[in-house]
Amino acid sequence: MALLGATALTLTAGIASAESHVKGDVNACLITKTDTNPFFVKMKEGAVAQADELGIQLDTFAGKIDGDVETQVAAVETCIAGGAEGILITPSDSRALVPVIEQARENGILVIALDTPFEPSDAADATFATDNFKAGVLIGEWAAATMEDPSSAKIAMLDLNPSEVSVDYLRNQGFLTGFGVDVKDETDIGDEDDPRIVGNDVTNGNEQGGRQAMENLLQRDPGVNVVYTINEPAAAGAYEALRSVGLQDQALIVSVDGGCPGVQNIAEGVIGATSMQFPLKMASLGIEAIAEYAETGAKPENSEGLDFTNTGVTLVTDNPVEGIDSITSEEALEQCWG
């Protein structure tokens, strides 16, 4: 099986992780949650390539792990001190970072959230992201339609971290909605009373965390037959946990990302379906927006009817179901990243 590799690179400090890529008259910053997850690696590639094309000086920063707020705060402060015209950021905590983002905007810096919206969303000037709720709905609908009897589901929910940031609850609640579970509070993970939910655990968005979370939930109920995962590294870890006790054929695993290793895991039967997102597009659009802002002062506009710019989502599965648009893993390998 083409399993995703574990991600465990540790940075010595947030500021030490900075890299300057292009020299130009306009200064910009990219701050990602980590620099090990393939999603953020591709995001960085897209930003660097677009900055190179437009002649923008781009400094990049990354946290040690998903949830490393302190490092991201230090990075924003460095960008303010350095006179950046724009900051692109995937916030590790969509609420805790708001005060420092307000400082950046007070200094005339255009702040664009990538992938993970702030709370409130207008804490940033703009957000370029997947419709994360829709991404969850797609894999939830697929899982329910694939099961012979969805009422017999025993669902393990593998989430991101205890902070319940926006990207986390949007995907989680989207999946449950798509599967037909009554979600009580769309911004609160775990308050549902549907008996089909075995439980929730956190993964930190990596393979090791996914394996541990799956092991924990299997102890609660070894009959788990549906596994929702926040991303594909977590899905790979969940599969390893299932395989270690001979239950790999018992459960449908669904996820969100669309990285090439994850798409290959679709082809190999590790993951049943995933919602593909487009990090390179998010980053390149963000750099273009900073260039436009530096030249004209114009800020990005949201997609119609939304409070963010929708960069698209596509369901990937080799077991399509009627009524849900999808592409195959073979088709997805031509569009994937990482």
Side-chain angles (χ1 to χ4, degrees), residues 32-33 39 63 65-69 72-73 89-102 111-141 143-144 153 155-205 209-210 213 217 226-231 234 254-257 275 277 282 302-313:
T32 55
K33 295 179 183 179
F39 181 84
I65 61 171
D66 203 317
D68 181 6
V69 174
Q72 288 200 319
V73 168
I89 183 169
T90 58
S92 286
D93 188 312
S94 48
R95 292 175 287 271
L97 281 154
V98 168
V100 76
I101 293 303
E102 290 175 346
V111 178
I112 297 176
L114 302 181
D115 178 56
T116 303
F118 281 101
E119 297 179 73
S121 60
D122 61 5
D125 291 291
T127 301
F128 294 163
T130 306
D131 186 335
N132 283 295
F133 188 83
K134 181 180 179 181
V137 168
L138 287 172
I139 54 176
E141 289 178 339
I155 307 169
M157 302 293 295
L158 274 59
D159 299 303
L160 184 57
N161 59 44
S163 297
E164 295 189 24
V165 297
S166 55
V167 68
D168 200 7
Y169 68 68
L170 286 168
R171 294 180 187 181
N172 177 296
Q173 305 296 67
F175 166 80
L176 291 175
T177 299
F179 198 86
V181 171
D182 178 23
V183 297
K184 303 302 181 184
D185 180 346
E186 289 190 355
T187 66
D188 186 16
I189 290 174
D191 67 342
E192 295 77 26
D193 55 13
D194 194 305
R196 293 176 292 178
I197 301 175
V198 170
N200 296 72
D201 208 333
V202 297
T203 66
N204 288 317
L217 293 173
V226 178
V227 181
Y228 157 83
T229 60
I230 180 69
N231 64 9
V254 294
S255 199
V256 178
D257 257 351
S275 287
Q277 47 184 350
M282 294 178 198
N302 295 328
S303 297
E304 185 175 355
L306 299 173
D307 60 359
F308 64 97
T309 297
N310 187 359
T311 54
V313 62

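Note that the structure is a prediction, hence the values are computed from the model and not measured.
- At least one donor-acceptor pair closer than 3.5 Å links the side chain of N132 to the backbone N or O of D115.
- Summarising the geometry of A135 relative to T130, their closest heavy-atom pair is CB-CG2, 4.3 Å, with the distance given to 0.1 Å.
- Contact record, I197 with M157: CG2-CG, 4.2 Å, taken as the closest heavy-atom pair.
- Put simply, the side chain of E119 never gets that close to the backbone of V98: no donor and acceptor are under 3.5 Å apart.
- What you find for E164 and I189 is that their closest heavy atoms are OE1-N, 3.0 Å.
- Under the 3.5 Å distance criterion, the side-chain polar atoms of D125 are matched with a main-chain donor or acceptor of V111.
- When all heavy atoms are compared, the tightest approach of A153 to V226 is CB-CG2, 4.3 Å.
- Between the CG atom of D185 and the OH atom of Y169 there is a distance of 9.0 Å, given to the nearest 0.5 Å.
- Residues Y228 and N172 form a side-chain contact, since some pair of their non-hydrogen atoms from C-beta on lies under 4.5 Å apart.
- Rounding to the nearest 0.5 Å places NZ of K33 at 10.0 Å from CD1 of I89.
- A heavy-atom distance below 4.5 Å is not found between the side chains of L158 and I230.
- Here CG of D68 is found 10.5 Å from OG1 of T32. Values are rounded to the nearest 0.5 Å.
- Taking 4.5 Å as the limit, every side-chain heavy atom of V256 sits out of range of all side-chain heavy atoms of F175.
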TODO: Apply the test side chain to side chain contact (heavy atoms under 4.5 Å, CB included) to residues K184 and D193: give CA-CA distance (whole Å), side-chain angles for both, the deciding distance (0.1 Å), then the verdict.
DONE: CA-CA 9 Å; K184 303 302 181 184; D193 55 13; 3.5 Å; yes

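- Side-chain contact annotation: N310 with D131, donor-acceptor N/O pair under 3.5 Å absent.
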Task: Verdict with supporting geometry, D168 and R95, salt bridge (charged side-chain N to carboxylate O under 4.0 Å, His left out) - done: CA-CA 13 Å; D168 200 7; R95 292 175 287 271; over 6 Å; no

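- Of all heavy-atom pairs between T203 and A213, the closest is CG2-CB, 4.0 Å.
- When atom types are taken as modelled, the side chain of T229 and the backbone of V254 share a donor-acceptor pair closer than 3.5 angstrom.
- Atom CG of N231 is separated from atom OG of S275 by 12.5 Å, given to the nearest 0.5 angstrom.
- For D188 (side chain) and D191 (main-chain N/O), no donor-acceptor pair under 3.5 Å exists by modelled atom type.
- Annotation: side chain of V202 is in contact with side chain of P162 (closest heavy-atom distance under 4.5 Å).
- Note: D93 CG to D66 CG = 10.0 Å, rounded to the nearest 0.5 Å.
- Taking all atoms of both residues into account, the shortest heavy-atom contact from D307 to S121 is OD2-OG, 3.2 Å.
- For the atom pair CZ (F179) and CZ (R196), the distance works out to 5.5 Å, reported to the nearest 0.5 Å.
- A distance-only check finds no donor-acceptor pair linking the side chain of T309 to the backbone of N302 [under 3.5 Å].
- Looking at E192, its side chain never comes within 3.5 Å of a backbone N or O of Q173 through a donor-acceptor pair.
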